[in-house]
**Student:** 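Please read through the structure below; I'll follow up with questions.
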Amino acid sequence: MKLKFSFAEVLLAAVVVTGLAVAAWQFLGGGSAGAATGGTRHTAVELPTLSSAARAGRAAFDANCAKCHGENGSGSTEGPPLINTIYNPGHHPDEAFQRAVRQGVRQHHWPFGDMPPQPQVSDEQLAEIVRFVREVQQANGIVRQEHRM
């Protein structure tokens, strides 16, 4: 018996399976500490006492990143939470953040679409933003984990 499916049926099945996979990942703890499921649910992010570089980074983040990545990196309906285990330094080192800001990045972990380059962010601001994100991640229990494929 040969089954035939239309393109729309296959596409719908792929969307459903992807949604279920994201929901399962969130439920099993992959989305802890500031996670957003589909960009609509936010978990409170604990904000530590920041270093002076991270305080400057917070101001630069608020001006350039928070619109999409949410307050303190908690995520929004426009972009993923950066305070999430997927962005730990073992999977996304500082250079990944720098490349994303300089070159943009294609959608790969979340269903928010591609991130365009952010040329208005200076090199100094970028270093401070990364410092801010890393200090907030650490305060929320996100530490380096070796990436395994």
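Along the sequence shown, the residues carry numbers beginning at 1.
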**Student:** Output the distance between atom CD (Glu124) and atom CD1 (Ile129), rounded to the nearest 0.5 Å.
**Tutor:**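 These two atoms lie 11.0 Å from each other.
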
**Student:** Checking Leu47 against Phe132 for the side-chain contact (heavy atoms from CB on, under 4.5 Å) test, could you report, in this order, the C-alpha distance in whole Å, the side-chain angles of both residues, the deciding distance, and whether it holds?
**Tutor:** CA-CA 10 Å; Leu47 193 61; Phe132 166 66; 4.0 Å; yes

**Student:** Any non-hydrogen side-chain atom of Glu128 less than 4.5 Å from a side-chain atom of Phe61?
**Tutor:**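 Sidechains of Phe61 and Glu128: no contact.
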
**Student:** Is the closest side-chain donor-acceptor distance between Ser51 and Glu135 under 3.5 Å?
**Tutor:**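 Short answer, yes.
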
**Student:** Below 30° counts as parallel, above 60° as perpendicular, anything between as tilted: where do the rings of His92 and Phe97 land?
**Tutor:** tilted

**Student:** Could you give the distance from CD (Gln145) to CG (Asn88), rounded to the nearest 0.5 Å?
**Tutor:**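 CG of Asn88 is found 4.5 Å from CD of Gln145.
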
**Student:** Any chance you could lay out the side-chain contact (heavy atoms from CB on, under 4.5 Å) test for Leu126 and Arg102, step after step, and finish with the verdict?
**Tutor:** CA-CA 9 Å; Leu126 180 52; Arg102 291 291 168 243; 3.9 Å; yes

**Student:** Hey, what do you get for NE2 (His69) to CD (Glu78), rounding to the nearest 0.5 Å?
**Tutor:** 11.0 Å

**Student:** So do the side chains of Thr77 and Phe112 get within less than 4.5 Å of each other, counting heavy atoms only?
**Tutor:**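 No, too far: nothing below the 4.5 Å cut-off.
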
**Student:** Tell me if the CD atom of Gln138 is crowded by more than 12 foreign heavy atoms within 6.0 Å.
**Tutor:** no

**Student:** Take Val105 and Arg99, measure what side-chain contact (heavy atoms from CB on, under 4.5 Å) needs, and give me the verdict at the end.
**Tutor:** CA-CA 8 Å; Val105 65; Arg99 275 192 309 276; over 6 Å; no

**Student:** Could you tell me whether Asp94 and Arg131 have a side-chain N and a carboxylate O separated by less than 4.0 Å?
**Tutor:** no

**Student:** How far does OG1 of Thr85 sit from CG of Asn140, to the nearest 0.5 angstrom?
**Tutor:**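 Rounded to the nearest 0.5 Å, the OG1-CG separation comes out at 11.5 Å.
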
**Student:** Using the side chain to side chain donor-acceptor pair (under 3.5 Å) criterion, which residues pair with Asp114? Sequence neighbours excluded.
**Tutor:** none

**Student:** Can you give the donor-acceptor pairs under 3.5 Å from side chains of residues 115-122 to other protein atoms, not counting sequence neighbours?
**Tutor:**
| residue | atom | partner | partner atom | Å |
| --- | --- | --- | --- | --- |
| Gln118 | OE1 | Gln120 | NE2 | 3.0 |
| Gln118 | NE2 | Pro116 | O | 2.9 |
| Gln120 | NE2 | Asn64 | OD1 | 3.2 |
| Ser122 | OG | Gln125 | N | 3.0 |
| Ser122 | OG | Gln125 | OE1 | 3.4 |

**Student:** Heavy atoms, side chains only, cut-off 4.5 Å: are Gln98 and Asp123 in contact?
**Tutor:** no

**Student:** Kindly determine whether Gln137 and Tyr87 satisfy side-chain contact (heavy atoms from CB on, under 4.5 Å), including the steps that lead there.
**Tutor:** CA-CA 9 Å; Gln137 285 178 335; Tyr87 295 109; 3.5 Å; yes

**Student:** Please tell me if the side chains of Pro89 and Arg134 come closer than 4.5 Å, counting only heavy atoms from C-beta onward.
**Tutor:**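 Side chain of Pro89 against side chain of Arg134, heavy atoms only: contact under 4.5 Å found.
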
**Student:** Can Lys67 and Asp62 be counted as an ion pair, charged N to O under 4.0 angstrom?
**Tutor:** no

**Student:** Just by modelled atom types, is the Val45 backbone N or O under 3.5 Å from a matching donor or acceptor in the Ser74 side chain?
**Tutor:**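 Not confirmed, Ser74 side chain does not pair with Val45 backbone.
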
